[in-house]
Visitor: 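Quick one: the structure is below, and I'll ask about it shortly.
Per chain, numbering begins at 1; letters A, B, ... match sequence-line order.
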There are 2 protein chains.
Amino acid sequence: MLMDARRLLIFREVARAGSISAAARALGWTQPAVSQHLAALERAVGVPLLLRGPGGVELTEPGARLLDRADQVALQLHLAEEELADLTSLRRGRARLAAYPSAAATLVPRAVAGLRARHPDVDVELTEVEPPEALGLLESGDVDLALVFGYDGDPAAGRGLVWRPLAAEPVALVLPVDHPLAGRRRIALAQLAGEPWIVGCARCRAHAVALCAAAGFAPSVRHVSDDYVVVQNLVAVGLGVTLLPHSALDAYRHPGVVAREQASFGTRTYGIVHRPGAERVPATAALVRELAGQGAPPG
Amino acid sequence: MLMDARRLLIFREVARAGSISAAARALGWTQPAVSQHLAALERAVGVPLLLRGPGGVELTEPGARLLDRADQVALQLHLAEEELADLTSLRRGRARLAAYPSAAATLVPRAVAGLRARHPDVDVELTEVEPPEALGLLESGDVDLALVFGYDGDPAAGRGLVWRPLAAEPVALVLPVDHPLAGRRRIALAQLAGEPWIVGCARCRAHAVALCAAAGFAPSVRHVSDDYVVVQNLVAVGLGVTLLPHSALDAYRHPGVVAREQASFGTRTYGIVHRPGAERVPATAALVRELAGQGAPPG
DNA sequence: GGGCATCCATAAGCATTGATTATGGCTCGC
DNA sequence: GCGAGCCATAATCAATGCTTATGGATGCCC
């Protein structure tokens with residue numbers, strides 16, 4: 001086992017002070033306390049480290065060597081404290097974020113810009129992935145935060161992760177501008193039972209299918225794409241209809257489509273997932289605050 | 001005050017083992033012991049250092065930074081132990097010796113050669129000075145050992161130093177070869193009352209004067225020199241008589257002088273003086289053993 | 001899907017560590 | 001020679017720190 005570092009630092013203090021009594025005063029202790037620590041240290045190393053004389057102590061050769069190491073240890077401890085203080089006060093740091101595409105296009109850039117403005121040396125590393133992969137990255141420790149969405153419930157349930165919902169966004173029905181129903185005030189999904197449907201990721205598809213089932217039909221899924229630009233282009237040229245969340249239409253809006261938001265189309269909830277405890281890491285916490293739209297620390 | 005280095009090393013062990021339980025096993029402790037230390041460390045630094053999950057722990061960014069420092073601290077402690085082991089086992093080291101001239105010419109070279117043969121990387125630094133200055137160097141911390149002599153009693157008495165006599169050497173009366181008394185079997189000092197006398201250092205002079213006084217006369221001191229070569233040359237050409245210790249005649253013997261050792265001329269004791277505790281410093285102890293003529297460690 | 005193994009945290013008990021006060025030896029300076 | 005510095009040692013007591021005991025949570029396996 002390694003030498004007792006505490007006693008090593010006490011020894012260093014004695015060497016610096018020039019006497020055991022002076023070191024004790026500097027440490028706010030009594031003289032015997034320091035004396036006993038030194039005796040224990042010398043017993044442990046098996047060699048006299050300092051020669052006691054009236055008027056103080058003087059280092060032996062082994063003592064002088066050990067003092068060099070003690071200085072190094074003290075330096076490292078000091079550096080450790082400084083580094084931690086830097087990280088705590090956000091003078092530096094890093095937060096790794098996985099986000100889904102439409103968020104990466106809208107919410108994330110704003111949050112990152114806000115964080116950079118407040119803390120220029122806190123770096124954000126963004127990975128754009130769909131929610132399931134984001135959770136995988138989180139579990140493997142490759143990212144600190146995952147910005148994900150779910151149509152209902154907790155998208156990270158049962159995975160040992162923490163889910164913090166941020167907001168619910170409406171889901172819109174997307175039709176070509178020249179669609180017969182494009183001008184109607186209210187649209188019933190059942191009216192689109194005969195249309196070809198375009199769906200995105202597995203969860204979006206499940207949501208669409210569930211909505212249609214509730215409306216009494218099974219949609220005919222003709223095209224599949226995660227890309228909200230691709231999907232809107234397909235809709236615009238009349239290849240089908242689709243459902244898209246508000247943020248996807250916020251990030252990009254094809255002029256050839258119309259979007260109708262109705263409560264009956266449901267909502268999509270997005271939020272942050274992280275490993276328990278990660279929210280207390282300063283850089284991570286700061287990014288969470290930015291994403292939640294409250295850049296300044298609460299309180 | 002600095003961070004608790006002990007807990008830092010426990011944290012390091014946890015990071016290395018991958019889990020608190022594994023670290024506890026490695027340390028021969030129970031899991032709660034390590035858990036509590038980590039909790040205390042995190043409380044002290046104010047930042048989570050690792051995220052607990054089933055299957056073990058994972059470092060946060062602050063934890064990763066702190067681990068680097070912990071490694072440095074452990075390295076320094078390890079190096080400290082190695083260096084001390086080197087010094088203890090005489091794989092390296094240094095002993096600073098102050099010795100008076102005739103010893104420096106005879107006893108010391110043999111001792112240094114012996115030490116070097118046994119421990120090639122233990123360095124001896126020799127300073128040739130007369131005993132009083134040697135004690136001064138000892139007190140000021142400039143040497144570890146002083147090889148000194150005295151005509152009676154402890155030459156370092158009352159100075160807070162340790163006196164270890166090594167041997168008593170006879171004192172010889174030194175006459176020119178052509179002196180009328182040169183052939184006599186026994187010589188009484190009183191017979192030399194009319195001769196010019198040559199004396200050396202203050203203590204040697206005091207010894208000579210005391211001897212002459214005991215013989216009933218006050219010597220006429222004509223020449224003063226510490227240098228036993230100079231003194232013998234003066235005697236050889238008939239400029240006076242003198243008293244010299246055996247070692248001075250052993251180091252150099254002028255053909256033009258005769259030396260008579262008699263109990264009545266007294267003895268000169270030489271030995272080692274050191275600060276209390278210094279005899280336990282390995283390099284110093286080894287040199288003491290060599291000087292005492294017992295190169296191998298006792299026992 | 002329920003039981004089991006493993007992870008971690010917390011609480012309470014107790015032994016050791018580590019501080020204290022008290023005392024004594026030693027050297028130096030007045 | 002006496003007082004004021006050093007330092008070491010012994011004895012006492014409190015706090016630290018390790019223990020056992022327990023509970024919550026996750027993941028694996030049949």
Visitor: Does a side-chain N or O from B:Ser35 land closer than 4.0 Å to OP1 or OP2 of C:dA9, or not?
Guide: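 So the side-chain polar atoms of B:Ser35 do come within 4.0 Å of the phosphate oxygens OP1 or OP2 of C:dA9, strictly under.
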Visitor: Taking B:Met3's backbone N and O only, do any of them form a donor-acceptor pair with A:Glu81's side chain (distance below 3.5 Å, no angle check)?
Guide: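 Judged by distance alone, yes, a pair lies under 3.5 Å.
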Visitor: Could you run through nucleotides 10-19 of chain D and give me one letter per nucleotide, 5' to 3': B if any protein heavy atom sits under 4.0 Å from the base, S if only the sugar-phosphate is that close, - if neither?
Guide: -------SBB
Visitor: Strictly below 4.0 Å: does B:Arg52 bring a side-chain N or O up to OP1 or OP2 of C:dA9?
Guide: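 B:Arg52 to C:dA9 OP1/OP2: side-chain N or O found under 4.0 Å.
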Visitor: Assess whether a salt bridge exists between B:Asp71 and B:Arg12, defined as any Lys/Arg side-chain N lying under 4.0 Å from an Asp/Glu carboxylate O.
Guide: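 B:Arg12 and B:Asp71: salt-bridged.
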Visitor: Check the distance between C:dT27's P and B:Leu161's CG and give it to me in whole angstrom.
Guide: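 About 10 Å, once rounded to whole Å.
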Visitor: According to a strict under-4.0 Å criterion, is A:Ser21 in side-chain N/O contact with OP1 or OP2 of D:dC7?
Guide: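 A:Ser21 to D:dC7 OP1/OP2: side-chain N or O found under 4.0 Å.
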Visitor: Got a sec, which residues hit side-chain contact (heavy atoms from CB on, under 4.5 Å) with A:Ala17, two or more places apart in sequence or on another chain?
Guide: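 Residues passing side-chain contact (heavy atoms from CB on, under 4.5 Å) with A:Ala17: A:Ala22, A:Ala23.
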Visitor: Quick one: which residue pairs count as a ring pair (Phe, Tyr, Trp, His ring centres under 6.0 Å) with a foot in residues 46-96 of chain A, not counting sequence neighbours?
Guide: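 Not a single pair qualifies under ring pair (Phe, Tyr, Trp, His ring centres under 6.0 Å).
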Visitor: For B:Arg275 and D:dC6, give me the distance from atom CZ to atom C1', rounded to whole Å.
Guide: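 For the pair B:Arg275 CZ and D:dC6 C1', the rounded distance is 13 Å.
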Visitor: Can you tell me how far C1' of C:dG18 sits from CG of A:Leu41, to the nearest Å?
Guide: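 After rounding, the reported distance stands at 15 Å.
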Visitor: Sequence neighbours left out, what passes ring pair (Phe, Tyr, Trp, His ring centres under 6.0 Å) with B:Phe149? Give chain and number order.
Guide: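 Result, ring pair (Phe, Tyr, Trp, His ring centres under 6.0 Å) vs B:Phe149: B:Tyr100.
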Visitor: Measure the distance from CD1 on B:Ile20 to P on D:dG24 and round it to the nearest whole Å.
Guide: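 Those two atoms, CD1 and P, are 19 Å apart.
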Visitor: Using atom types as modelled, flag every donor-acceptor pair under 3.5 Å from a side chain in residues 41-65 of chain B to any protein atom, sequence neighbours excluded.
Guide:
from: B:Glu42; atom 1: OE1; to: B:Arg52; atom 2: NH1; distance (Å): 3.0
from: B:Glu42; atom 1: OE1; to: B:Arg52; atom 2: NH2; distance (Å): 3.0
from: B:Glu42; atom 1: OE2; to: B:Leu49; atom 2: N; distance (Å): 2.7
from: B:Glu42; atom 1: OE2; to: B:Leu50; atom 2: N; distance (Å): 3.3
from: B:Glu42; atom 1: OE2; to: B:Arg52; atom 2: NH1; distance (Å): 3.1
from: B:Arg52; atom 1: NH1; to: B:Leu50; atom 2: O; distance (Å): 3.0
from: B:Glu58; atom 1: OE1; to: A:Arg275; atom 2: NH2; distance (Å): 2.7
from: B:Thr60; atom 1: OG1; to: B:Pro48; atom 2: O; distance (Å): 2.7
from: B:Thr60; atom 1: OG1; to: B:Leu49; atom 2: O; distance (Å): 3.1
from: B:Thr60; atom 1: OG1; to: B:Gly63; atom 2: N; distance (Å): 3.1
from: B:Glu61; atom 1: OE1; to: A:Arg94; atom 2: N; distance (Å): 3.0
from: B:Glu61; atom 1: OE2; to: A:Arg94; atom 2: N; distance (Å): 3.4

Visitor: Among D:dC7, D:dA8, C:dC8, which nucleotide has an atom closest to any side-chain atom of A:Val57?
Guide: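 Within the option list, the nearest is D:dC7.
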Visitor: Separation of B:Leu51 atom CG from C:dC8 atom C1', in whole Å?
Guide: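 Those two atoms, CG and C1', are 13 Å apart.
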Visitor: Write out all pairs satisfying ring pair (Phe, Tyr, Trp, His ring centres under 6.0 Å) with one or both partners inside residues 18-62 of chain B, taking only residues at least two apart or from two chains.
Guide: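 As it turns out, the ring pair (Phe, Tyr, Trp, His ring centres under 6.0 Å) pairs with a partner in residues 18-62 of chain B, which skip direct neighbours, are B:Trp29-B:His37.
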Visitor: Report yes if at least one side-chain N or O of B:Arg25 is closer than 4.0 Å to OP1 or OP2 of C:dC7; otherwise report no.
Guide: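 Yes, because at least one side-chain N or O of B:Arg25 sits under 4.0 Å from OP1 or OP2 of C:dC7.
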Visitor: Does B:Glu139 or B:Ala22 map to a spot on DNA chain C nearer the 5' end, using the closest nucleotide for each?
Guide: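 Of the two residues, B:Ala22 wins.
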